[in-house]
Each structure stands twice: as C-alpha cells, then as structure tokens.
Amino acid sequence: MIADADDWRSRDLAVLWHPCTQMREHYLDGGPDTLPLVPIERGEGAWLVGRDGRHYLDAVASWWTNLFGHAEPRIAAAIAAQAGRLEQVILAGFSHQPAVELAERLLAIAPREHAGGSGGRAPLAKVFYADNGSAGVEVALKMAFHWFRNRGEDRRTKFVALENGYHGETLGALAVGDVPLYRRVYAPLLAECLFAPSPDAYLADPGQSPAQCAQRAADALQALLERHGGEVCALILEPLVQCAGGMRMHDPLYLRRARELCDAYGVLLIADEIAVGFGRTGTLFAHQQAGIRPDFICLSKGLTGGTLPLSTVLTTDAVYAAFWDDSAARGFLHSHSYTGNPLACSAALAVLDLFEREPVLERNRATAAQLDALCAPLREHPRVKAHRQIGMVWAYDIADAPPGFSGAYHLAAREQGLLLRPIGETLYFMPPYVLDDAALEHLAGGALRALEAALA
Ligand SMILES: Cc1ncc(COP(=O)(O)O)c(C=O)c1O
C-alpha cells in the first residue's frame, strides 16, 4: 500500500498543479519533499482514508464544505438517483424539478427580519444559481451594481468591504477581499473597493467589550459612508466570522448597525454566508443572530453538504423588479454552463432533508460543548493566547509562533491522524458535524500533541 501511495504521488506531481499551493514544497532535490502529498482513497463519516490505509480526521471539513461526513449515504443516493434521470440541462429557457424545489425550500428557510427590525422588509423572494462560492459572490456584486444602473443611478460604482475579509479568488471577489497573501500580487487588476475597519472583537482596546468594539467599527463605517455613500452600491461582509482572515469573530451588533447604515445611505447589503451558513455558527444562517435581513445572501460550501459545487444568491423582489424590462440588456445576462446543475441541486435537497429530519443544530450544541470541555488543556496551554468559539468553529492563536508554524503544525497534525491547516498563527477547527466520542477525543488530544510537536 505504501509503495502504491508513493506511485500515486509521482503520477500526481507529474501532471497536477494543486490549488493554493507553492508546488516547490512538494519537491526537494534528491531528498524527501517537505510537504508530502496524501493520496486519499475514500471517506467515511468525518474521516479520510489514505491509499496507505492511514486515517485522518477531517477537522477542516475539506475546506469548510462538509457537514454530514464523507460519502454520506443519503446524499450519495440522492445524487445517484438524479444522475439516472437528468444530470445537466441548460437553465436558460429550460427548467427542472431540483432547481425549482431547492429555490422554494431555500426561500422558505431564509430568515425573515425579526419583529423589532426597523426596515419592515419583504422576505427574500428570488434565487439565482452559480456553481461555486466565488462565482456566487460575483453574481451578487454584479447584480447590486446593475440594479443601480437600471435605476439610473450611475454614480454608484463602488463596493465597501471589511478589512481582513475574504470572498473568493476570482477577480471581482478578490477585489472585495483584504487578505494580502491572496490579493497583493493581483492588486493592479482589481476594481477599486473601499475598506471599512473590521469589527473583529480581537481588535478591541483593553477593557472594551466585543459590542463596544463592533460599535467603534460601525462608527467608522458610518464615517466612510458619509464621505462616499453616494458612490457605493453595496456593502459585502462575512457575518459573525471572518474565516480566511483567521477565524476572527465579531458581535452581532455590528450587523444590525451595518443594516441601519446601508438603509440610511441607500446601499445594498450582501451577506456572504458561504463559509458560515448551514448551521456553522449555531444558527442556520449567521446573520440570523442579528435579526437582520440582507438584500443578498450568498450560499455555497455546506449547501451541498460538501459533495458537489453549487452556489446560490438569494435576493428580493425589489432587486428583481429593476431588471424586468423589454430590453434584454437590462436583464441580468450572467450565466455559467453548470448554473443550477441538477445533480448539485439534488445533493442540496438531500442536505435540507437532513436538516429537516434531524435535530442538527441541537446536536451540534451538545457536540460543541463536549469538544470545548475536551479542549480545556489546549486552551490552557501556555502558548495559546486567544481562544474563541462560536457554534462549530474553534480558533486558538499561538503566542510567539516560530517561523513556518503553520506548515510544521499541519505536518505534526498529520502524524496524529488529523487534517488541520492553521492560518498563519491561528490554529482552528471547523469539523463536519458528525463527530462521535472517539472522534472528539482524537481531535482534542491530537491537536494538543501536534502543538507540542510543532513548537518543539
Ligand atoms: C466567505 C467566503 N466567501 C467566498 C468563498 C469562495 O468560495 P469558493 O472557494 O467556492 O470559490 C470562500 C471560500 O473559502 C469563503 O470563505
């Protein structure tokens, strides 16, 4: 089996260029590579099984996509059944049952503004499909911009985004992202974006509460909109957790204030729930915790339980209405070949079935409490300086992390049978929701042992 895995590695490296990877790390002249590839044979629940037979607990849910475990039989069966009926059809001029049913069901579960909301908004009413998170973000950005054009407000050409935010890798999504590692080299290609300070509770002054910190950031957003409001079409943000920015969390107060400010300055609000949607923060959608209703919600990743690429943008009748015209050019002429792919939609329907039939959020609360208790020694480790947790997301910052900590930790975690990829000095868990007692103990114990090894 080992020889087989080695053979796979060389076949892979002969032909593949891997995502988000400095490929040089996979080679070392004449010696072993610093980052050996791990060929995976199959998945079983929260576990990945390598071709060499080794098991890895997938504690990052395969780039934050997986909710109910790998090769989940009910989702797999739904995909297989759909594949036997209709695998793909153009969604312009044609329609199919999984796309319609998924849109109906997503709109039915999309949060309404809570009774105390100031806007008295109509619910979200329309769904536009794309086929990955970044593409979904592009849809929301283009729709927001085009909405103002169709209304004759041509001055509104800019977006506001949050410092340290992340919305994907395509050029439009990258333009509203602020993680230098991904953005810097492409900066000359990117559309201008106005960045407002992050409400990240981590940036609080001594003695300042997360809510006060959020209020301070909201004041800065207000000042920005005061100067530029008339040029801005939309504010885009990741509700509650800036994930790629290092799992930085903020108080829901910021979202309420952002909604009010968007209303005051006539700006549309885009909630990028791609990483935090579908129960990740303890509620089905993160922005629910603020009781607001955005003008756009972007969903992907957990939408299909991590099985197939799909994204959706939910929006309002008010947005839709401005595109309704005799002129084709005033319509939203955006498409991807696989827009609303039936297989992906049927996977998403199976995921919604699981949310409906099982007490997922309730079970997650118990799982989170159990993992939190097991992680006490990690939290109390002398080199762990900032512990934070919301729903099924845990993050720990490592004090005085040595250079190369992230890579060293990742390799040490592999030795412990764990798939973990710290973001810089931030170690985090974002596991699938299906962790039994053994998996929880494996995660808590292995993460601590990997920390000791990486710091040694
Ligand atoms: C908040 C957020 N938005 C958008 C994206 C982009 O999604 P994708 O990688 O599917 O393009 C990501 C990916 O991590 C994300 O975390």
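Just so you know, these numbers use all the heavy atoms, side chains as well, and skip hydrogens, waters and symmetry mates.
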Check step by step if side-chain hydrogen bond (donor to acceptor under 3.5 Å, both in side chains) holds for Asp437 and Gln370.
-> CA-CA 9 Å; Asp437 292 354; Gln370 213 179 334; 2.8 Å; yes
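- In terms of heavy atoms, His442 sits closest to Leu57 at CD2-CB, 3.9 Å.
- In terms of modelled atom types and a separation under 3.5 Å, the side chain of Ser300 and the main chain of Leu310 share a donor-acceptor contact.
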Before giving the answer on side-chain hydrogen bond (donor to acceptor under 3.5 Å, both in side chains), spell out for Ser198 and Glu163 the whole-Å C-alpha distance, their side-chain angles and the decisive distance to 0.1 Å.
-> CA-CA 5 Å; Ser198 170; Glu163 289 173 359; over 6 Å; no
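- Within 6.0 Å of atom CZ in Arg11, 12 or fewer heavy atoms from other residues, nucleotides or ligands are found, so the atom counts as exposed in its surroundings.
- Residues Leu190 and Leu171 meet the side-chain proximity criterion, which asks for heavy atoms closer than 4.5 Å.
- Counting only N and O atoms by type, the side chains of Thr283 and Gln289 include a donor and acceptor under 3.5 Å apart.
- Listed here is the closest heavy atom pair of Pro294 and Leu269: CB-O, 3.6 Å.
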Given side chain to side chain contact (heavy atoms under 4.5 Å, CB included), test Glu87 with Gln82 step by step and report yes or no.
-> CA-CA 7 Å; Glu87 77 304 332; Gln82 185 60 43; over 6 Å; no
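- Closest heavy-atom contact between Ile75 and Ala350: CA-CB, 3.9 Å.
- Without hydrogens or angle criteria, His55 side chain to Gly53 main chain gives a donor-acceptor distance under 3.5 Å.
- Salt bridge annotation for Arg388-Asp397: present, with a cationic side-chain nitrogen under 4.0 angstrom from a carboxylate oxygen.
- Side-chain atoms of Asn66 and Ser62 include no donor-acceptor pair closer than 3.5 Å.
- Looking only at atom types and distance, the side chain of Asp12 has no donor-acceptor partner in the side chain of His26 under 3.5 Å away.
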Evaluate the side chain to side chain contact (heavy atoms under 4.5 Å, CB included) criterion for residues Thr367 and Tyr433: first the C-alpha distance (whole Å), next the side-chain angles of each, then the deciding distance (0.1 Å), finally the verdict.
-> CA-CA 8 Å; Thr367 305; Tyr433 300 163; over 6 Å; no
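- Among the candidates Leu268, Val267, Leu141, the single residue satisfying the side-chain contact (heavy atoms from CB on, under 4.5 Å) test with Phe159 is Leu141.
- Of the options Arg248, Gln242, His250, a side-chain hydrogen bond (donor to acceptor under 3.5 Å, both in side chains) to Asp200 is made by Arg248 and by none of the others.
- The minimum heavy-atom distance between Val351 and Thr304, with the atom names listed, is CG2-C, 3.4 Å.
- Distance alone, capped at 3.5 Å, places no donor-acceptor pair between the Glu72 side chain and the Gly69 backbone.
- Looking only at distances, no side-chain donor or acceptor of Arg54 sits under 3.5 Å from a matching main-chain atom of Leu48.
- Remark: Arg184 does not engage Asp178 in a salt bridge, criterion side-chain N to carboxylate O under 4.0 Å.
- Residues Val313 and Val139 share a closest heavy-atom pair of CG2-CG1, 3.7 Å.
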Pair Arg383-Glu452, salt bridge (Lys or Arg N to Asp or Glu O under 4.0 Å): steps then yes or no | CA-CA 10 Å; Arg383 298 286 287 277; Glu452 297 288 5; over 6 Å; no
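- Side-chain rings of Tyr338 and Tyr129 stay apart, their centers remaining 6.0 Å or farther from each other.
- Between Leu224 and Phe195 the shortest side-chain heavy-atom distance does not fall below 4.5 Å.
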Trace of the side chain to side chain contact (heavy atoms under 4.5 Å, CB included) decision for Asp295 with Arg259 = CA-CA 10 Å; Asp295 300 296; Arg259 176 70 273 181; 3.1 Å; yes
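- For Phe429 and Tyr396, the ring centers sit closer than 6.0 Å to each other.
- Contact check on Arg105 versus Glu101 returns a salt bridge, with a Lys/Arg side-chain nitrogen under 4.0 Å from an Asp/Glu carboxylate oxygen.
- Under the 3.5 Å distance criterion, the side-chain polar atoms of Ser406 are matched with a main-chain donor or acceptor of Pro422.
- Using a 4.5 Å heavy-atom threshold, the side chains of Asn164 and Glu238 count as separate.
- Salt-bridge check for Arg183 with Glu169: failed, with every basic side-chain N at 4.0 Å or more from each acidic carboxylate O.
- In summary, the aromatic rings of Phe68 and Phe355 are positioned with their centroids under 6.0 Å apart.
- Between Leu427 and Leu420, some side-chain heavy-atom pair lies under the 4.5 Å cut-off.
- Judged by distance alone, with hydrogens and angles left aside, the side-chain atoms of Gln389 form a donor-acceptor pair with the main-chain N or O of Gly391 at under 3.5 Å.
- Residues Tyr182 and Cys20 have side chains in contact (heavy-atom distance under 4.5 Å, counting atoms from C-beta outward).
- Atom CD1 of residue Ile297 and atom CG of residue Leu106 lie 9.5 Å apart, to the nearest 0.5 angstrom.
- Of all the heavy atoms in Leu314 and Ala110, the pair that sits closest is CD2-CB, 3.9 Å.
- Between the side chain of Arg51 and the backbone N or O of Ile40 there is no donor-acceptor pair closer than 3.5 Å.
- Between Val276 and Trp64, the closest side-chain pair of non-hydrogen atoms is not below 4.5 Å.
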Verdict with reasoning, Lys385 to Asp400, per salt bridge (Lys or Arg N to Asp or Glu O under 4.0 Å) | CA-CA 10 Å; Lys385 65 175 174 183; Asp400 307 318; over 6 Å; no
Derivation of the side chain to side chain contact (heavy atoms under 4.5 Å, CB included) call for Phe145 and Lys142 | CA-CA 5 Å; Phe145 169 83; Lys142 284 176 68 180; 5.7 Å; no
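- Taking 4.5 Å as the limit, every side-chain heavy atom of Cys243 sits out of range of all side-chain heavy atoms of Val393.
- The closest side-chain heavy-atom distance from Phe128 to His334 is below 4.5 Å.
- Here the options are Lys301, Arg280, His287, the test is side-chain hydrogen bond (donor to acceptor under 3.5 Å, both in side chains), and the partner is Glu273; only His287 passes.
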